[in-house]
Each structure stands twice: as structure tokens, then as C-alpha cells.
S.K.: 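What follows is a structure written as C-alpha cells; I'll ask about it next.
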There are 2 protein chains.
Amino acid sequence: MERLTVAPDAPDLPALPPGRRATIKDVAEGAAVSRSTASRALTGRGYVAPGVRERVRRTAQALGYVPDAGARNLRQQVSRSVGVLVSDLRNSFYADLAAGVGQQSRRRGYAMMLSDDNGSPERELEAAEAFVALRVAGVILTPLSAEVSEYLHRHRVPVVEVDRQFCPGRCDAVVVDNRGAARRVTEGLLAQGHVRIALLIDEADWTTGRDRAAGFAGAVDDAGRPVEAFVVRAGWHVEEARERVRALLEGPSAPTALFAANNVLAEGAWRAAQDLGRRIPEDLSLVSFDDAAWMSMVGPGVTAVAQDVVALGEAAVSALFERIDQADAPARTVMLAARVAERGSTAPPPAS
Amino acid sequence: MERLTVAPDAPDLPALPPGRRATIKDVAEGAAVSRSTASRALTGRGYVAPGVRERVRRTAQALGYVPDAGARNLRQQVSRSVGVLVSDLRNSFYADLAAGVGQQSRRRGYAMMLSDDNGSPERELEAAEAFVALRVAGVILTPLSAEVSEYLHRHRVPVVEVDRQFCPGRCDAVVVDNRGAARRVTEGLLAQGHVRIALLIDEADWTTGRDRAAGFAGAVDDAGRPVEAFVVRAGWHVEEARERVRALLEGPSAPTALFAANNVLAEGAWRAAQDLGRRIPEDLSLVSFDDAAWMSMVGPGVTAVAQDVVALGEAAVSALFERIDQADAPARTVMLAARVAERGSTAPPPAS
DNA sequence: CTGAAAGCGCTTACAG
DNA sequence: CTGAAAGCGCTTACAG
């Protein structure tokens, strides 16, 4: 201790240093102890005489000392933040997911680094690399490719895939029962007597699309009567879907019932029906996978598979921390049930 | 260099070390150079012979070396992340804002630490403290209290307040022209001939509420005819607002036009009107501050002040980085204009 | 009960 | 052109 700026019991402690933030060195000098002792007093690890502890704490308080988390993590070789990577924060599904994950992470004392890859696999990989550079404790993501999870895995970063699964058997995942819920909702349409049914989908390579399509097909196969079921690629955005569905409904063999595989497609379909003056459900039945606020506001409301997105986020955080605690437990997939919110957007097909 | 595990030109470089991540020491040893040289080769700062540079880069690549951002920042005393603190990620306004800020930050090479305080000033302060501990380069927030910004300011963290302003003159802020937009939308209602108009508001202490109320009052004052205008505290959540508005509409002096000061209150008001079977706009006119997806989906759509939330986020990021570059420039407030999306939810009052 | 020293992973003057 | 040394802010065995 070359400088004792403050006598041990000085009532007036120095104010915040002018140009820079207080470090533990400042605290130690202010309290006239060594950095070791100051550290022990503040972290609570290791012994410090009660009086000294108090003095150090008061000094830290007076200096507005906030330990540098980066330096602490570097020394301790641990991390107190989780990385979260979603596809589109503007979509309420991902926003709700991020909200749930952030809340649960905070509860455990972890900060959330959030990235939005906008559906681009390149950005996704960049974000993953940033997470590795930041040495996050783990990553929760809605993957776009198998590469990300592999990459993170290779860099020994615990990963949980949410919503869809690209890395089964090697990474943990939390998903909803896409197949089962899609089956039930399709069965609802079939029970109304529809014969021409379309599944609107963005893609069928991800497990979400594949499983929802499988549930749809399964219900159709088991219908016990001839059904013209077709799968329509309706694009990724509302306007794209709106145009596709408009074309579909104006075409020669227009379906009488639509099953939109997510909320974006449902919005496009709904707007298309409006554009053409088709009444729901009298002229056209519509069901959706994914609930959204507007679906309970339009009249009639849109029957939808309501995923409990908050529960999804919570389950992902639990899975991540279990993985952090037990790096080499076998990979697990958690599947959550989803309920169907019946709202009245289905009816028997029009008697054409 | 005590260990030369690899000859300078060895074609087979060692694979990832088994239990731990590669460090610059591993890269240096693998490429048979000093850590200094390895660092210079990888960062591009300082001179390195071209051949050596190549060798180092290949070694780093082979080892899957990703520099520890925390260690780098510690050494360089800089930060490459921004903190973002919003009130409710489940509200599309905040989600869009976070999306915009995240995108612009990434574009500048900064990661985003995101927190959601759920409307609690205590959590808000905790999050601010976490940001200080993480030594973020700056913070963008939708403040709940004057304390946060003061706290961050005191800790020399550049701050930009968005949407509302608690720290005028001392912190930068990016807001929309709440007063002007509220005035215009109110004038629209008055032009339809309404006499009993209610402003639904959550609170009037924040600049948002205060300025929207001021715009409302200003339009009423200038109406040039007697108007019964009242301000109704309608709570913070959809269900709360829904009940309040139901009570209001069933009361003795029910208004014929409602101006909801944000999208949550608008949703409550809209649902309340549905509950009571009031037709919009025949029985009741409704306008909203804040646009939301459902407002253009219900029939008729809800006329709303459409803030350009993405532009808001972008402006906030610009302001933050200007502040980071110039710590002691005078504080600035940027005000963005907002347009009114006319949709048909207003009409003359019913001829009762 | 406390402090000197080492070291986490990095970068950067500076010496040669 | 390259490397040894110092140091960012912290914590933690370990010596006394």
C-alpha cells in the first residue's frame, strides 16, 4: 500500500474518481486494506474481520464500486450470461419466447445476450460466433440450420434448440407436440365435413413444418373417406402468403378449409379472405398453428393451436441449466403439449 | 516458448484441445511464434511477416480459436456491447424497438444485452447495475424512473432514453411528437362532431402520457365550441382497461368517442365495445396512439397514430454512438414525427 | 486474520 | 521483424 489516501476511520470517504470508474484497488486504498482483503470482504468468500468487512463495504458503497463482471469471469473462468438467438423478434412468437427466457435467466442471476438473425443462416452463424467470443454459459436458439448447433457444440457451449430441432440426439431440445396438435386441429376440419383442405406451410424441412405436415396427413389418412388434401408453400411473409392464398382461393379447385402452419401464414390467409370478400367460416374455414392477439379480436375469432410460449421458454432455460450442470448427460428432447383454442372460424363447407 | 508441439510447417495441426477452449497461447505454440506475434497476426495491428501471418491464421482456424471478448475488452478497456432495457418485451412496441436497436447495434459490431423490467423500477435498477457490471458501452432504455438514468449517468455510462424522458437536459433522448400527434387525432374526433370525448390513459407523469394528454387538451381547447372532455385512468393491462371502459360506457355520461393513449388500452377498449355490442364506429368512435397488427385486421380497422418504431430504435442507436464518441457534447432530444393511419373507426356521434 | 503473488486471456508499447 | 514484459480488474490458494 503505497498511498493511504484515507485514514482507517475517516468519516468522509472520497467521492467517485473523476475520469474513471472505481476498481477494487480504489476500494482497498480507501479502506486501507489489501486488494485481497477487499475482495474477500465484498465477495463474502474467505475470512475477514467483521469490522474490516464493514469498512470495506462502506468504502465500496461510497465509491460507487461495481465489480467488473468481465474481469471476475475471466479470473473465475465462469460466465453469468446466456445467449439467445431467435429468428424474428418482431414476430410475437419469438418475442414471447425471448421474454420468457430472459425472465427465467435473470431469476437465476444470468444476463441475456439477445440476437435476431432475421432468418439468415449467415447471421445465425455470426451470432453464434459472437456468443462463443463472449463466453456465454450457454445458448438457447430457434435454429435455422444444423451448422449453428454443431458449431456451438464443437466449441463446448451448451445448447438448447427450441421450437424446432436440427441436432437431435446431440443437442437438447424443447419442442411442442406439433404432430399431435396439427392432427387434432385437422380432425376438427374433417369433422365439419370438408373434402378439399389445404395446409399452408412455409417449408417442410424443419421439424416444425415436417411434423405439422405429418399430423395433417395422418388425420387425412385416417378420415375413412376420400379427402383432397394438398400442401401449399405459401412463403415466409404476410404479403407473400396473402397473394398465394388469394390465387389459391380464386383457382379452379379452391379448398373450403385452410390450415395455416403458423401465425404469419394465418394472417396472410385471413387478409386474403377479406380481400376476396370470403366470409369466415361460412365460405371458408380457417385454423392456425400459433395463437396471436388478433386471432381473438377479429370476428369470429380464429381457432388456433395455442402454444404456451412462456412455458416453452422456461423449459428451455431449465434444460440449459441442467446441461450446464451436467455436461455429459445424454441429450434430451422435451415435448410440450399444446391446446387448441376453439373460436368459431370453422363450419361445414358451403353447399356449392 | 518452452514447448514446440508442432514444427513450423507441420501440415497436420493439432485438433481442438480436449477439455478446454483454445487460447492465444495454444495458437502461438501451434504456429511456433510468441503470443505477441500471434496477437498481431490475428488482430491485424502491428507488423507481422506475411508468411508468419498466414501460418498463425491457419493454426487459429485449425484450433477453432475464438478470442475471448471479455479478456480483450479488459485489456483494451473498451466494450463491444450495448445494454437495452425495455418495459415489456411481450408488447409489440417494445419488441419492435428491441429488434431495431439490436439490428443497428449488430451492424456496428456491437452485441446487445437485453433486459425486460416488467414495469418494475426495482428490476430496472437491478438491470442497470448489471449493465454497469458488464461494462457495456452504453445503454438504451425506456425508463420507468429518473433514478436509472441518473445512476447510469453517475457511473459514466452513456444513456439514451427512448419513448419517454425522465432526465431531460442531462441525458439524450429520442421521442416521438406525442403532443402533435395526439392533437391531430383528437382534432379528427372533434371534426366528426363529438361532444363527449374520453382520453384513456395509464398515467400522466411520464412525458408520453403528459404530452399525449396535452395534445388532447389543446385540441379540445381550440375546438371553438363546448366539449366535455375527460381523462380516464384505465390501468396498465388489457383486462383492467376492458373493465374500466365497460363501466365507462355503461355509465350515465358515456362518451361517444374514445382516444386510447396506447395499444394496450386500445385493445381493452375495443374488447369492451365488443362485450357491450357497441358497433364501431356507428355507436362509438375509437382512435389509438400506437399501431398494432390487429388494428388493421378488425373490421373496420382502428385509426391509430403509427409510430415508426424501427426508426425510433435506429435513431436511439445513432444518438448513443454519437454520445459514446463525444462524451461531453450537450444533451440532445430528438423528436420524430408520427403519422396517423386513418382506418375508419371514427364517425359522427349517434343521433341519440 | 491479512497480504503478496500468481494468473485468468488478451494486447501493446518497447527493446533488440 | 519478433518476443519478453507489463498490465487491464479481478480472485484465490498460500504463507505468515
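On a predicted model such as this, the values are computed, not experimentally measured, just so you know. Labels below follow one simple rule: chain letters A, B, ... track the order of the sequence lines, proteins then strands, and each chain is numbered from 1.
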S.K.: Within the pair T37(B) and dG3(D), is there a side-chain N or O less than 4.0 Å away from OP1 or OP2?
M.R.: yes
S.K.: In terms of side-chain heavy atoms of R135(B), which of dC10(C), dC10(D), dG3(C) is nearest?
M.R.: dC10(D)
S.K.: Of all the nucleotides listed (dT2(D), dC10(D), dT12(D)), which has the minimum atom distance to the side chain of V52(B)?
M.R.: dT2(D)
S.K.: Whole-Å distance between dT12(C) P and N73(B) CG?
M.R.: 11 Å
S.K.: How many whole angstroms separate atom CZ of R21(A) from atom C1' of dG9(D)?
M.R.: 12 Å
S.K.: Do other residues, nucleotides or ligands put more than 12 heavy atoms under 6.0 Å from Q76(B) CD?
M.R.: yes
S.K.: Between P on dC10(D) and CZ on R72(B), what's the gap in Å once rounded to a whole number?
M.R.: 21 Å
S.K.: Roughly, in whole Å, what's the span from CG in L74(A) to P in dG7(D)?
M.R.: 17 Å
S.K.: Rounded to the Å, how far apart are R55(A) CZ and dC1(C) C1'?
M.R.: 13 Å
S.K.: Given dC10(D), dA4(C), dC1(C), identify the nucleotide with an atom nearest to the side chain of Y47(A).
M.R.: dC1(C)
S.K.: Please state how far atom CD1 in I24(B) lies from atom P in dC10(C), giving the value in whole angstrom units.
M.R.: 6 Å
S.K.: Would you mind telling me which of dC10(D), dC10(C), dT2(C) lies closest to the side-chain atoms of Y65(B)?
M.R.: dC10(C)
S.K.: How would you label the contact of R45(A) with the nucleic acid (heavy atoms, under 4.0 Å): base, sugar-phosphate, or nothing?
M.R.: sugar-phosphate
S.K.: Could you please name the partner base of dA15(C), counting Watson-Crick and G-U wobble pairs only when both distances are under 3.5 Å?
M.R.: dT2(D)
S.K.: For dT12(D), does either OP1 or OP2 sit under 4.0 Å from a side-chain N or O belonging to Q76(A)?
M.R.: yes
S.K.: A side-chain contact here means heavy atoms from C-beta on lying under 4.5 Å apart; do R80(A) and R72(A) qualify?
M.R.: no
S.K.: Closest approach to the side chain of S36(B), judged atom by atom: which nucleotide of dA4(D), dC10(D), dC10(C) is it?
M.R.: dA4(D)
S.K.: If I take atom CZ in residue R35(B) and atom C1' in nucleotide dG9(C), what distance separates them, rounded to the nearest angstrom?
M.R.: 8 Å
S.K.: With nearest nucleotide decided by heavy atoms, which residue, A71(B) or L42(A), maps closer to the 5′ end of DNA chain D?
M.R.: A71(B)
S.K.: For the side chain of A49(B), starting at C-beta, report the closest nucleotide among dC1(D), dG3(C), dG3(D).
M.R.: dC1(D)
S.K.: Please report the shortest heavy-atom distance between I24(B) and A38(B), naming the atom on each side.
M.R.: CG1-CB, 4.0 Å
S.K.: Between dC10(C), dC8(C), dG3(D), spot the one nearest the side chain of Q77(A), thanks.
M.R.: dC8(C)
S.K.: Between dG9(C) atom P and R80(B) atom CZ, what is the distance in whole Å?
M.R.: 23 Å
S.K.: Pick from E124(B), R123(B), E122(B): which one makes a side chain to side chain donor-acceptor pair (under 3.5 Å) with S120(B)?
M.R.: E122(B)
S.K.: Regarding dG3(C), can its base be found pairing with the side chain of R40(A) as donor and acceptor, where the two atoms are less than 3.5 Å apart?
M.R.: yes
S.K.: For the residue pair A60(A) and L42(A), what are the closest heavy atoms and their distance?
M.R.: CB-CD2, 3.9 Å
S.K.: So, R154(B) and E150(B), do they make that salt bridge, N to O below 4.0 Å?
M.R.: no
